[in-house]
Amino acid sequence: MSGLRVRFAPSPTGFFHVGSARTGLFNWLIARQQPDGVFILRIEDTDADRNREEWVGGILDALAWLGLNVDEGPFRQSDNVMAHAVSLEQLMAGGYLYYCDCTVEDVAARKGTDKTPGYDGFCRDRGLQRGPHTALRFRTIDEGQTIVHDAVRGAVEFANATIDDFVVARSSGIVLYHLANVSDDRKDRITHVIRGEDHLSNTPKQMMLWEALNDVSDTRLPVPIYAHLPLLVNEQRKKLSKRKDPVSTESFRDQGYLSATFVNYLALMGWSPHGDQEKVPRSTLIEEFRLENVSHSPAFFDVKKMTHMNGEYIRDLTPEEFVGACAPWVCPWTTQWRPTDREPLWSEEQFDPALFTLVAPLIQERVATLGEVPAMIGFFFLDAPDMDDAAFDKAIGGDPLGRTLLVDAIERFADLEWNAATLHQATIELGESMELPLRKAQAPIRCAVTGSLVGPPLFESLELLGRDRTLVLLRDALARPIT
RNA sequence: GGUCCCAUCGUCUAGUGGCCUAGGACAUCACCCUCUCAAGGUGGAGGCACGGGUUCGAAUCCCGUUGGGACUGCCA
């Protein structure tokens, strides 16, 4: 019995940040390492101004997608306001709090040029009673130091004199983050607090609150083990911002990153498995992950690297799995979940699932994200390929040889045993008659049929497309006006 | 400004005093393969921020400097 209990406590103030996803993952990993580990989800929704219900759904969806199953919860911080009030009463009765009527401006004015402390303790001993504009502050310890025994960083020491008397409850009576958080963690019997490094500076305050609550309440609980994860930063080495950086988990899912890739890559942000292998399955993550081995320095979220890894994961799929995985992008009308703002290029009537099953293997090793799939195979389902004008000009429009070759191809393909091998051979011969290597000879045909100079293997594609359709497309290309 | 954290190739990292003329991955360059594009293969370039110590020996320990970051709300 480890009795280990961790919590993941996002606030629903926007889409699901990749940094949150990593914090959730690391908490989950730690919980799963113990047979009796408990992973708790708590929605910190007490800032009514910024929280929106729809974002809660986003958190739940994202967690489900990542496969981070929750043992207890989701709890809502807003459901605990009574408990918060009780904690506040207890601290008040224990003499840990005092009323303060200073405005933000007052505090700033007194500080003047000396911006050293946060709050100067002005109201500490004024013995104020509760009034319409009195916030409640916590009387922090003056002497000695508070040591955070961080599981990632080791001992971090704070001189108590540098910790100012912070506000625990607004003048309206609403209990603020630090107390609410500590109160909730006590209620949930949290043993390990694993969160971003941006909370490290706040930790001594929360430890003081925890000890004070131990003093004034009936239950003494050990201060949790803290672990502060290195921040995820952008290219400017700043903390990833929801406003400025492309960091929404949902958008990566929309683009067609696999859940397995995302989890694997996230784990590499601050941690690494032993050996030279970076592609590690979830089971290995659970086995090998250790807070002690988490890096101390911030990490840049490199989408390029994750994209490459996603390609590897896609290629690892069986053909059947790949077809299934593509569904939200190629036939979203059949799936429960579908990417936002990404309609396939074709309609339900135009799409042919049986044909897609045959086409899929041709592109499985060519895409790095599932979102790339539709554009690569549009010509199989569209009435006319989405013609790349520049490609057309180069291979057909402005190239007499190309046009001649198409004319010859139409004739040659008209009565030919229809399979990739014969088409391949026929195109070689077509080229030889014009002294063109195959790579030149296939270009006009590819362009005419697919609308592009790049794409899946041509002859296999023609075989699947069929003779009639191929001939139509070749003739259409010849009839196309030259720009 | 104060408090705290951090510092190995462009990026993510391995490295816990000798195995390091510093390993891997992404990105990048060259070549090979090849019907295009990818994928794959081979090879190349590229890093211990700086200065002092400690030690027979330092990327690894200590101090300082410089640089970056977080926090510093009656937000969470």
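The sequence lines fix the lettering, A, B, ..., with proteins before strands; numbering per chain opens at 1. What you see is a predicted model; the values in this text were computed from it and never measured.
Taking 4.0 Å as the cut-off between side-chain N and carboxylate O, A/R139 and A/D125 count as a salt-bridged pair.
For A/S171, the listed nucleotide lying nearest its side chain is B/rC74; candidates were B/rC6, B/rC74, B/rU3.
Close to B/rA76, at under 4.0 Å from its OP1 or OP2, lies no side-chain N or O of A/R195. The shortest distance between the side-chain N/O atoms of A/S272 and the OP1/OP2 oxygens of B/rC12 is not below 4.0 Å.
Among the protein residues, A/H199 comes within range of the nucleic acid bases, having at least one heavy atom under 4.0 Å from a base atom. Residue contacts for A/A443: at a heavy-atom cut-off of 4.0 Å it reaches no nucleic acid atom on any strand shown. As judged by a 4.0 angstrom heavy-atom cut-off over every strand, A/E278 is placed among the base-contacting residues. Within the 4.0 angstrom heavy-atom criterion, only backbone atoms of the sugar-phosphate kind lie near A/L268; the bases stay farther away. Across all strands, A/C102 comes closer than 4.0 Å to base atoms (heavy-atom distances). Among the heavy atoms of the strands lying under 4.0 Å from A/Y177 is at least one base atom, whether or not backbone atoms are also near. As judged by a 4.0 angstrom heavy-atom cut-off over every strand, A/H133 is placed among the base-contacting residues. Within the 4.0 angstrom heavy-atom criterion, only backbone atoms of the sugar-phosphate kind lie near A/Q77; the bases stay farther away. Counting non-hydrogen atoms under 4.0 angstrom, A/G196 reaches nothing in the nucleic acid. Counting any heavy atom pair closer than 4.0 Å across all strands shown, A/M269 reaches sugar-phosphate atoms only and no base atom.
Each of A/P10 and A/W271 has a nearest nucleotide on RNA chain B; the 5'-most of these lies closest to A/W271.
In this view, A/F322 satisfies the ring-ring contact (aromatic ring centres under 6.0 Å, His included) rule with no residue, not counting sequence neighbours. Taking A/H424 as the reference, A/F459 meet the ring-ring contact (aromatic ring centres under 6.0 Å, His included) condition, with sequence neighbours excluded. Taking A/F379 as the reference, nothing meets the ring-ring contact (aromatic ring centres under 6.0 Å, His included) condition, with sequence neighbours excluded. The salt bridge (charged side-chain N to carboxylate O under 4.0 Å, His left out) search around A/D165 returns A/R124, not counting sequence neighbours.
Look at the P atom in both B/rU66 and B/rU16: the space between them is 31 Å, to the nearest Å.
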Please list each protein N or O that sits under 3.5 Å from an N or O in nucleotides 62-69 of chain B, with the distance.
residue : atom : partner : partner atom : Å
B/rG69  : OP1  : A/K238  : NZ           : 2.6

Considering only nitrogen or oxygen atoms on both sides, find all protein atoms under 3.5 Å from nucleotides 32-35 of chain B and state each distance.
residue : atom : partner : partner atom : Å
B/rC35  : O2'  : A/Q442  : OE1          : 3.2
B/rC35  : O2'  : A/Q442  : NE2          : 3.1
B/rC35  : O2   : A/R446  : NH2          : 3.1
B/rC35  : N3   : A/L458  : N            : 3.4
B/rC35  : N4   : A/E460  : OE1          : 3.0

